[in-house]
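What you see below is based on every heavy atom in this structure, not just the backbone, and it leaves out hydrogens, waters and symmetry mates.
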Amino acid sequence: MKENNSNVEYLKLLVLHLGMALLIYLFRPLSTIIMLTVLLYFIFLIIQNENKNNEALMAAAYIAGAEVFFRMTGGMVFYETGKYMVIVFLIIGMFYKGTSSKTIPFWTYLLILIPGIIVASITMSLEAEFRKAIAFNLSGPVCLGVSALYCYYKKIKKKDFQKVLMMLLLPLIAQMFYLFFYTPTLREGLINMAGNYAATGGYGPNQISTVLGLGSFLLVTRLLTIRNKMINIIDLILLVMMGYRTIITFSRGGVFTGIFCAIAFIFFYYYNLQKKEKQQSFIKFFILALTCLVIWTFSSIQTFGLIDYRYENRNSAGELKDDITTGRVELVSTELQAFYDHPLTGIGVGKGYEYREETLGIDIASHNEISRLLSEHGLLGLIALLILIFVPILFWTKFKNNYYFLAFMAFWFLTINHSAMRIALPAFVYGLALLYIVDEKKPPIYRKRFSH
């Protein structure tokens, strides 16, 4: 009965988000009003319920999923609102529920970020906007640290975890609907082989590809974990729509990340099924494979075959291009050189932008969070990186009860390697990987005591 109620709620929320997307498309100023209403609603909900059912986590999930949608429609009060509100929601949640005593590594990680600010105050030029540079470069890492503090060793019921994932998915579906309203066809929109702004509502294809790639992955997981034929059919249709919109951004990072996450999830999901369940799941795997083929074929037809060239690393004339990374390798090597030249202190938070301008003659923000950590924080950045990688691995080897762990860690790692931490999603999803999921359906194990 509870599962049916959950499915009915999901359908109602889908209709609500379809309506939200249509309203914002028809009258864009509504985006700000809706965004502020959402923030106030969640703050009220968390305080009213004292975060008893992890309302803070659901609120953070929703705003992390909605961040790019509200950015592209002009709904954000200021650019980093999404990251700041994820931090605010989780801090309010921690006020009511506290954190685990085992979170010392992530407190250490947050403290490690401070010296880089001091170094930047010395190294940054007088013309630079110091406050903005610090906020832009540290909002993502701080958001990750707070997400980790909230989630690490925190027990959450399986049904509540599914609600968190639903809150994460719904704004991504709204964004996908909006893009269909904005650009229903690509007949006049294909200009070149780079990121396709016509297909992304005029906003950055890299960020759109990233969030829709995650949305596609979440829909794949719902097809496997939700046992309701009507819901499965609806999610399958949404997956076709979401997958298509992800591919036609012409930005490959989000597509590859989504595929890799889906493979990681399916591998662990299948490994933990009972023998009978494994046999029953083959039909779903076959449907998924067929759906992927349909998505790609339709995308290829709609882009007149240009999408095939894009993934073969060819230009519109079919000629093979030299650099598959579209200049990202050069940016990474510059940052590694900065780390080599300043290994102890780094060059300071936000200084990387100026450093690239001085060495390469181009003013561009970092696309790789790992090389940015090393170049701007030096040795402390390396320690921070080791904390972020090895603490979750030790947690995973101990419990293995979060069946999204591999996929979420893959999403975090792959996203920060092609898009840094421009958005809150990789930081928040990193935190979700650290949750301790309690499956109430599993019977408790009673062990007989040995008598001496």
Step-by-step ring-ring contact (aromatic ring centres under 6.0 Å, His included) determination, Phe260 to Phe217: CA-CA 9 Å; Phe260 197 91; Phe217 158 70; over 10 Å; no
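- Here the closest non-hydrogen pair linking Leu13 and Met166 is CD1-CE, 3.8 Å.
- With contacts defined as side-chain heavy-atom distances shorter than 4.5 Å, the pair Leu11/Asn7 does not qualify.
- With a 4.5 Å cut-off on side-chain heavy atoms, Thr73 and Leu30 do not count as touching.
- When each of Trp412, Tyr404, Tyr152 is tested with Tyr430 by the rule ring pair (Phe, Tyr, Trp, His ring centres under 6.0 Å), just one qualifies, namely Trp412.
- Under the 4.5 Å side-chain criterion, counting only non-hydrogen atoms from C-beta, Phe428 is not in contact with Ile63.
- Under the 4.0 Å criterion applied to side-chain N and carboxylate O atoms, Lys83 and Glu80 are assigned as salt-bridge partners.
- The closest side-chain heavy-atom distance from Phe177 to Met241 is below 4.5 Å.
- From Lys163, atom NZ reaches atom OG of Ser6 across 7.0 Å, with rounding to the nearest 0.5 Å.
- For Thr249 against Thr246, the heavy-atom pair with the smallest separation is OG1-O, 2.7 Å.
- Between the side chains of Asn206 and His418, at least one donor-acceptor pair of N or O atoms lies under 3.5 Å.
- The ring of Phe399 has its center closer than 6.0 angstrom to the ring center of Phe395.
- Ring-centre distance between Phe161 and Tyr436: not below the 6.0 Å cut-off.
- Heavy atoms only, all atoms of each residue included: Cys261 and Ala407 are closest at SG-O, 3.3 Å.
- Within a 6.0 Å sphere centred on CZ of Phe285, other residues, nucleotides and ligands contribute more than 12 heavy atoms.
- Counting heavy atoms from C-beta on, the side chains of Tyr96 and Ile47 come closer than 4.5 Å.
- When all heavy atoms of Leu110 and Gly145 are compared, the pair lying nearest together is CD2-CA, 3.9 Å.
- Under a cut-off of 6.0 angstrom, the local environment of CZ in Phe44 is sparse, with at most 12 non-hydrogen atoms contributed by other residues, nucleotides or ligands.
- Ile259 CD1 to Leu414 CG: the interatomic distance, rounded to the nearest 0.5 Å, is 11.5 Å.
- Leu394 contributes atom CG, which lies 12.0 Å from atom CD1 of Ile389 (distance to the nearest 0.5 angstrom).
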Worked check of side chain to side chain contact (heavy atoms under 4.5 Å, CB included) between Leu374 and Glu335: CA-CA 8 Å; Leu374 294 174; Glu335 290 176 325; over 6 Å; no
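- Residues satisfying the salt bridge (charged side-chain N to carboxylate O under 4.0 Å, His left out) test with Lys284, not counting sequence neighbours, are none.
- Within the 3.5 Å criterion, the main-chain N or O of Ile226 finds a donor-acceptor partner in the side chain of Asn232.
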Steps toward side chain to side chain contact (heavy atoms under 4.5 Å, CB included) verdict (Phe106, Val391): CA-CA 9 Å; Phe106 294 109; Val391 171; 3.7 Å; yes
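- Using modelled atom types, one finds a donor on one side chain and an acceptor on the other under 3.5 Å when comparing Asp235 with Tyr10.
- Residues Gln337 and Asp341 have side chains that bring a donor and an acceptor to within less than 3.5 angstrom of each other.
- Identified under the side-chain hydrogen bond (donor to acceptor under 3.5 Å, both in side chains) test for residues 51-68, with sequence neighbours left out: His17-Tyr62, Asn49-Glu55, Asn51-Tyr150, Asn53-Glu55, Asn54-Tyr150, Glu67-Arg71.
- Between Ile208 and Gln175 there is a side-chain heavy-atom pair separated by less than 4.5 Å.
- Distance alone, capped at 3.5 Å, places no donor-acceptor pair between the Asn137 side chain and the Glu376 backbone.
- Closest non-hydrogen pair, Tyr244 versus Ser299, comes out as CD1-OG, 3.4 Å.
- Shown here is Phe413, whose CZ atom has no more than 12 heavy atoms of other residues, nucleotides or ligands within 6.0 Å.
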Side chain to side chain contact (heavy atoms under 4.5 Å, CB included) between Leu113 and Val142, worked out: CA-CA 8 Å; Leu113 300 175; Val142 171; 4.1 Å; yes
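- The only member of Phe268, Tyr403, Phe408 that meets ring pair (Phe, Tyr, Trp, His ring centres under 6.0 Å) when paired with Trp396 is Phe268.
- With a 4.5 Å cut-off on side-chain heavy atoms, Ile24 and Ile34 count as touching.
- The neighbour count for Lys154 NZ, taken as heavy atoms of other residues, nucleotides or ligands under 6.0 Å away, is above 12.
- Summarising the local packing, CZ of Phe78 is surrounded by more than 12 heavy atoms from other residues, nucleotides or ligands at distances under 6.0 Å.
- Within 6.0 Å of the OH atom in Tyr41, the count of heavy atoms belonging to other residues, nucleotides or ligands does not exceed 12.
- When all heavy atoms of Ser209 and Ser251 are compared, the pair lying nearest together is OG-O, 2.8 Å.
- Here Tyr109 pairs with nothing under the side-chain hydrogen bond (donor to acceptor under 3.5 Å, both in side chains) rule; sequence neighbours left out.
- Contact of the Leu224 side chain with the Ser281 side chain is not registered, since no non-hydrogen atoms from C-beta on lie closer than 4.5 Å.
- Counted within 6.0 Å of CG on Leu16, heavy atoms from surrounding residues, nucleotides or ligands total more than 12; the atom is thus considered enclosed.
- Under the 6.0 Å distance and 45° angle rule, Arg422 does not count as a cation-pi partner of Phe136.
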